[in-house]
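Sequential numbering from 1 along the given sequence is applied to the chain's residues. First listed ligand is number 1; within each ligand, the first listed atom is number 1.
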Amino acid sequence: MNNQVIIVKDYEEMSCLAYEYFKEQLKNNPKTVWGLATGSTPVGLYKKLCDSENLDFSNCTSFNLDEYEGLKQDDIQSYCYFMNENLFSKINIHTDKCFLPLGCAEDLDKECLKYDNMINLVGGIDFQVLGIGTNGHIGFNEPSESFSEGTHVVDLTDQTIKDNGAKYFNNNMELVPKRALSMGTLQIAKAKKIIILASGKNKALAVASAINGPVTPNVPASILQTCKDVIWIIDEAAASMLKI
Ligand code: PGA
């Protein structure tokens with residue numbers, strides 16, 4: 001397996017180390033095409049990027065993993081809003097080069113194709129940051145019978161609706177969109193470099209299954225075992241079920 005696994009003490013250390021990798025990547029390639037994630041996991045990392053004064057993102061492009069279906073870009077629950085609030089508005093990246101799938105597009109299948117074409121046009125993702133769901137999902141690729149390929153429309157599982165409802169929708173599951181647009185698992189795996197972050201005991205089983213278990217679409221993050229350059233940065237709680 002080509003995955004490097006780094007265990008750190010806690011969320012803060014995880015965010016610091018991820019930040020160091022971001023800085024290094026930016027130094028090596030000021031025109032990096034970033035693959036970005038939402039959720040609570042990368043917030044600490046994004047905060048460090050926002051607080052850092054001498055990082056130049058002006059030549060970068062970014063593509064986010066996913067977006068809820070039906071939400072307009074200025075909806076406060078949309079991932080577009082999240083990214084603007086937590087990163088884009090606070091660094092010097094050009095927002096016209098920051099892309100997310102459009103969850104409110106009239107024709108979602110067309111939107112997915114368009115998104116994939118845009119990623120291909122810039123030569124693919126150079127550096128992808130990922131979180132992992134408690135069910136092993138990456139992006140919104142839920143456990144299933146086969147690995148998804150390009151960007152596609154996903155039915156969210158009850159587990160994901162429950163996780164996200166508790167965290168972001170005040171436990172009101174009715175408000176959580178039931179579908180989303182997500183980059184595919186195989187597409188994510190094509191990124192030239194990937195860092196995947198996990199913090200907390202509730203991620204321990206997913207992390208152990210993805211790293212120690214077989215490569216299976218039932219644990220979408222296990223696809224990373226097949227990738228050349230993957231770094232897991234996980235805190236002690238998330239690593240508590242790992243066998244290394
Ligand atoms: P979280 O979500 O960062 O909010 O834990 C991660 C994920 O579901 O991929």
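The G133 neighbourhood of ligand 1 comprises atoms 7 (C), 8 (O), 9 (O), with distances under 4.0 Å to a heavy atom of that residue. Short contacts between ligand 1 and S40, defined as distances under 4.0 Å to a heavy atom of the residue, involve ligand atoms 1 (P), 3 (O), 4 (O), 5 (O). Those atoms of ligand 1 with a heavy atom of Y168 less than 4.0 angstrom away are 4 (O). Interface of G39 with ligand 1, defined as ligand atoms under 4.0 Å from a residue heavy atom, comprises 3 (O), 4 (O).
Protein heavy atom at the shortest distance from atom 3 (O) of ligand 1 is T41 OG1, 2.5 Å.
Between Y21 and F127, the distance separating the two ring centers is not shorter than 6.0 angstrom. For Y168 and F82, the gap between ring centers reaches or exceeds 6.0 Å.
The residues K47 and D51 are annotated as salt-bridged, a charged nitrogen and a carboxylate oxygen being separated by less than 4.0 angstrom. At a threshold of 4.0 Å, the pair E12-K48 counts as salt-bridged, since one of the basic side-chain nitrogens sits closer than that to a carboxylate oxygen.
Defined by atom type and a distance below 3.5 Å, a donor-acceptor pair is missing between the side-chain atoms of N84 and Y79.
Contact annotation for I132 and ligand 1: only backbone heavy atoms (N, CA, C, O) come within less than 4.0 Å of the ligand. In F140, neither the side chain nor the backbone holds a heavy atom less than 4.0 Å from any atom of ligand 1.
The side chain to side chain contact (heavy atoms under 4.5 Å, CB included) test with L65 singles out one residue from I138, L130, T38, and that residue is L130.
The closest non-hydrogen atom to atom 7 (C) of ligand 1, taken over K203, K167, Q159, H137, comes from H137.
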